[in-house]
Amino acid sequence: MMHTFTPATAADAPALAELVNSAYRGAESEKGWTTEAHLLGGQRTDAAALREMLAADNAVILLGRDENGVLLGSVYLQQQPDALYLGMLTVRPTRQGQGLGKQLLAAAEDYARRRQLPRMRITVISVRHELLAWYERHGYHRTGATEDFPTDPRFGLPRQPLVLLVLEKPLAAEV
C-alpha cells in the first residue's frame with residue numbers, strides 16, 4: 001500500500017527511470033500487466049528525459065512510496081488550459097494488481113480538482129485493449145481524437161505502426 005505522494009525532483013530521475021522502464025520494457029515488465037515490450041523495443045524513458053519533463057511549465061511527477069520510503073509508483077501530470085494531462089502512470093511490476101494504480105489515479109484527479117481543472121486527459125496506445133478497458137472502468141471515455149505515436153527513439157522503437165487514442169474524464173468539483 002502506498003502512503004505518500006510527493007512531487008519528484010531532478011534528483012529522483014535515475015530511480016524513476018529505473019521504475020518506469022521496469023514497468024514498460026524488458027523482462028522485468030513481463031511480471032506485470034502493463035508491459036509494452038511486445039509493442040516497443042528499447043527504453044521507455046531515461047533520466048535526462050524525465051528531468052526535461054520535470055522542467056516543463058505546470059508539470060509534476062508524483063511519486064508513490066510505501067511506509068518504508070520504497071518507490072512503488074509514479075504518474076506524470078501537466079496542466080493544460082482545459083485539462084490535466086496524465087501520462088506514464090507506473091506501478092512496479094511485482095506490485096501490480098494491488099490497487100496502487102487506482103491510488104495514483106485518485107491522487108492525480110485530486111491534484112486536478114485542487115487546480116480547478118474540469119477534466120483529465122490521457123493518451124493510450126490504441127492496441128493496448130486491456131489498458132483502455134482499465135481507464136474506461138475508471139470513468140475515462142474515448143474522445144475520437146488520435147495522436148501520432150512519438151518517433152523519438154528515446155521513447156522506444158515501435159515493432160508495428162502505433163497510434164495514440166485520446167481519452168478524457170470530466171471531474172466534478174469537490175463538495
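Since we're looking at a predicted model, the values are computed, not measured.
- Counting heavy atoms from C-beta outward, Ile125 and Glu36 have side chains that approach closer than 4.5 Å.
- Considering all non-hydrogen atoms of both residues, Pro93 and Ala23 come closest at CG-CA, 3.7 Å.
- One distance of note links CZ of Arg119 with NZ of Lys169; it measures 13.5 Å at 0.5 Å rounding.
- No side-chain heavy atom of Gln78 sits under 4.5 Å from any side-chain heavy atom of Met53.
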Go through it in stages, so that I can follow the logic: the residues are Val75 and Tyr111, the test is side-chain contact (heavy atoms from CB on, under 4.5 Å), and I'd like the CA-CA distance, side-chain angles, deciding distance and then a yes or no. CA-CA 11 Å; Val75 62; Tyr111 185 93; over 6 Å; no
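- Between the side chain of His141 and the main chain of Leu167, no donor-acceptor pair closer than 3.5 Å is present.
- With hydrophobic clusters built from ILVMFWY side chains whose heavy atoms lie under 4.5 angstrom apart, Leu77 shares a cluster with Leu72.
- Side chains of Thr143 and Arg121 form no contact here, defined as non-hydrogen atoms less than 4.5 Å apart.
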Applying side-chain contact (heavy atoms from CB on, under 4.5 Å), run through Asp110 and Phe5 and close with a yes or a no. CA-CA 11 Å; Asp110 288 345; Phe5 298 98; over 6 Å; no
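- Both Leu62 and Ile122 belong to a single network of hydrophobic side chains, linked directly or stepwise wherever heavy atoms of I, L, V, M, F, W or Y lie under 4.5 Å apart.
- Side-chain contact between Leu105 and Leu86: present, with at least one pair of heavy atoms (C-beta onward) separated by less than 4.5 Å.
- Side-chain contact between Met88 and Ser74 is absent, with no heavy atoms from C-beta onward closer than 4.5 Å.
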CA sep, side-chain torsions, deciding dist, call: Glu18, Arg92, salt bridge (Lys or Arg N to Asp or Glu O under 4.0 Å): CA-CA 10 Å; Glu18 182 278 322; Arg92 191 164 297 284; 3.6 Å; yes
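- Rounded to the nearest 0.5 angstrom, Asp12 CG and Leu71 CG are separated by 7.5 Å.
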Using distance only, find each side-chain donor-acceptor pair of residues 43-51 under 3.5 Å and give its atom names and separation, not counting sequence neighbours.
unit_1	atom_1	unit_2	atom_2	d
Gln43	NE2	Asp46	OD2	3.1
Gln43	NE2	Arg154	O	3.3
Asp46	OD1	Ala48	N	3.3
Asp46	OD1	Ala49	N	2.7

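- Scanning all heavy atoms of the two residues, the minimum distance from Ala10 to Leu54 falls at N-CD1, 4.0 Å.
- Of all non-hydrogen atoms in Ala112 and Leu84, the two that sit nearest each other are CB-CD2, 3.6 Å.
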Counting only pairs under 3.5 Å, give me each side-chain donor-acceptor contact of residues 155-166, with atom names and distances, residues two or more places apart or in other chains.
unit_1	atom_1	unit_2	atom_2	d
Arg159	NE	Ala37	O	2.9
Arg159	NH2	Ala37	O	3.2

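- In this structure the side chain of Leu39 never reaches within 4.5 angstrom of the side chain of Phe149, judged on heavy atoms.
- Summarising the local packing, CD of Gln116 is surrounded by 12 or fewer heavy atoms from other residues, nucleotides or ligands at distances under 6.0 Å.
- Note that NZ of Lys31 is 11.5 Å distant from CD of Gln96, once rounded to the nearest 0.5 Å.
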Apply side-chain contact (heavy atoms from CB on, under 4.5 Å) to the pair Lys102 and Trp134, showing each step before the final yes or no. CA-CA 10 Å; Lys102 291 176 195 168; Trp134 187 85; 4.1 Å; yes
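- Crowding of Asp148 atom CG: a count of heavy atoms from other residues, nucleotides or ligands under 6.0 Å not exceeding 12.
- With values rounded to the nearest 0.5 angstrom, Gln79 atom CD is found 4.5 Å from Leu117 atom CG.
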Does Val91 form a side-chain contact (heavy atoms from CB on, under 4.5 Å) with Gln98? I'd like the steps, not just the answer. CA-CA 10 Å; Val91 173; Gln98 300 174 14; over 6 Å; no
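- Atom CG of Leu132 and atom CZ of Arg137 lie 11.0 Å apart (nearest 0.5 Å).
- Within the 3.5 Å criterion, the main-chain N or O of Arg25 finds no donor-acceptor partner in the side chain of Asn21.
- Distance check, rounded to the nearest 0.5 Å: CG of Leu63 to CG of Leu104 gives 9.5 Å.
- Remark: Tyr85 pairs with no residue by the ring pair (Phe, Tyr, Trp, His ring centres under 6.0 Å) rule, at least two apart or across chains.
- Under the 3.5 Å distance criterion, the side-chain polar atoms of Asp66 are matched with a main-chain donor or acceptor of Asn68.
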